[in-house]
Amino acid sequence: MAGSPEPSAPAARPKVGVLALQGDFREHLAVLRGLGADAVPVRRESELAAVDGLVIPGGESSVMDKLSRTFGLAGPLKKRIAEGMPVYGTCAGLIMLADTVLDAINGQQSLGGLDITVRRNAFGNQLDSFETDLSIPELGEPPVHAVFIRAPVVETVGPKAHALSTLPDGRVVAVEQGNLLGTSFHPEMTDDYRFHARFLDTVRSRTAAAA
Ligand SMILES: NC(=O)CC[C@H](N)C(=O)O
C-alpha cells in the first residue's frame, strides 16, 4: 500500500504460546525465546487467541486435561487445532494431541488432532525413564538425543499422520501431521532444539502465507 511502511515481516519473530496449566512449560518458554520467538505462557482463552502457534509441554496429561476443561480452554484449543494452528506436543502434550489414548485414567479426554493412538506410560516401571539417540531423517545428522520420562508410545499411526522416528524395536516415538508435531520425548531437556525450530518454521510459513 502506498505510504505504508514495508510489511514488518510478521513471521520473523513468531508469537507463540506454551500451555502453562501444568508441567515443564518454563523450559519450553526458555528454548523458544532462545530461538528468537516471542513466547508467552497460555492459561486463558485471550492468551491463546494472541498466539500463532502453541507448545503443549510434558507433565501429567490427566491433570492437564482436567485443568484445560476447568479453565475453559479445551474447547478453544480444539477449535484452533481444527483451524490449523501449528502445535508441538511433547510427552503429555503428545497425549493431549492424540485422537485416541490408551491407559487413560477414568474420564480422561484428549484434545485430539493427530490421527494416532498413544499408550500412556508405555515403558512400564522398569524403564520409567531412559535416554537414547534417535535417527530422524527429516532432521538430518546428527541423531537426536532423546530423553524419555514415563513416556507414551504411538501404537497406531493413522493415514493422516506419519512417523518421524522409531525406536530400534519399531515403536513410533515422533509423528507429524500437517501443522501438528508430537514427540514422546523431551527435547527441551537437552541442548538440541531442532524440533522446536521445526515447529517455529511451521509457524513462520503459516503466518507468512496468511499475511
Ligand atoms: N513426561 C511426561 O510428560 C509424562 C507423561 C505422563 N506419564 C502422562 O501420562 O501424562
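Each ligand, and each atom within it, is numbered from 1 in the order the structure gives.
- A ring-centre distance under 6.0 Å is not found for Phe199 and Tyr193.
- Between Ser62 and ligand 1, no pair of N/O atoms sits closer than 3.5 Å.
- For atom 4 (C) of ligand 1, the nearest non-hydrogen atom from the set Ala122, Pro57, Gly59, Ala151 belongs to Gly59.
- Contacts between Thr90 and ligand 1 below 4.0 angstrom, taking non-hydrogen atoms only, are absent altogether.
- Looking at Val154 and Leu94, their side chains come closer than 4.5 Å, going by heavy atoms from C-beta outward.
- The only option from Leu181, Val175, Val144 that meets the side-chain contact (heavy atoms from CB on, under 4.5 Å) definition with Leu164 turns out to be Leu181.
- With a 4.0 Å heavy-atom cut-off, ligand 1 is reached by the side chain of His186 but not by its N, CA, C or O.
- Residue Ala92 has at least one N or O atom closer than 3.5 Å to an N or O atom of ligand 1.
- The contact set between ligand 1 and Gly58, taken as ligand atoms under 4.0 Å from a residue heavy atom, comprises 3 (O).
- Counting heavy atoms under 4.0 Å from ligand 1, residue Glu60 touches it through both backbone and side chain.
- Ligand 1 has a nitrogen or oxygen under 3.5 angstrom from a nitrogen or oxygen of Ile149.
- A 4.5 Å side-chain heavy-atom check between Pro57 and Leu19 finds at least one atom pair inside the cut-off.
- Nearest to atom 10 (O) of ligand 1 among the protein's heavy atoms is Ser61 N, 2.5 Å.
- Looking only at protein heavy atoms, the nearest one to atom 2 (C) of ligand 1 is Cys91 SG, 2.7 Å.
- With rounding to the nearest 0.5 Å, the separation of CD in Glu188 from OG1 in Thr183 is 7.5 Å.
- In terms of protein heavy-atom proximity, atom 9 (O) of ligand 1 is closest to Arg120 NE, 2.7 Å.
- Close contacts of ligand 1 with Arg150, meaning ligand atoms under 4.0 Å from a residue heavy atom, involve 4 (C), 5 (C), 6 (C), 7 (N).
- If you check the side chains of Asp133 and His145, you find a donor sitting under 3.5 Å from an acceptor.
- The protein non-hydrogen atom at the shortest distance from atom 7 (N) of ligand 1 is Asn121 OD1, 2.6 Å.
- Between Ile95 and Gln108, some side-chain heavy-atom pair lies under the 4.5 Å cut-off.
- Salt-bridge annotation for Arg120 and Glu60: present, with a side-chain N of the basic residue lying under 4.0 Å from a carboxylate O of the acidic one.
- Without hydrogens or angle criteria, Asp99 side chain to Gly113 main chain gives a donor-acceptor distance under 3.5 Å.
- Less than 4.0 angstrom separates some heavy atom of Ile95 from each of these atoms of ligand 1: 8 (C), 9 (O), 10 (O).
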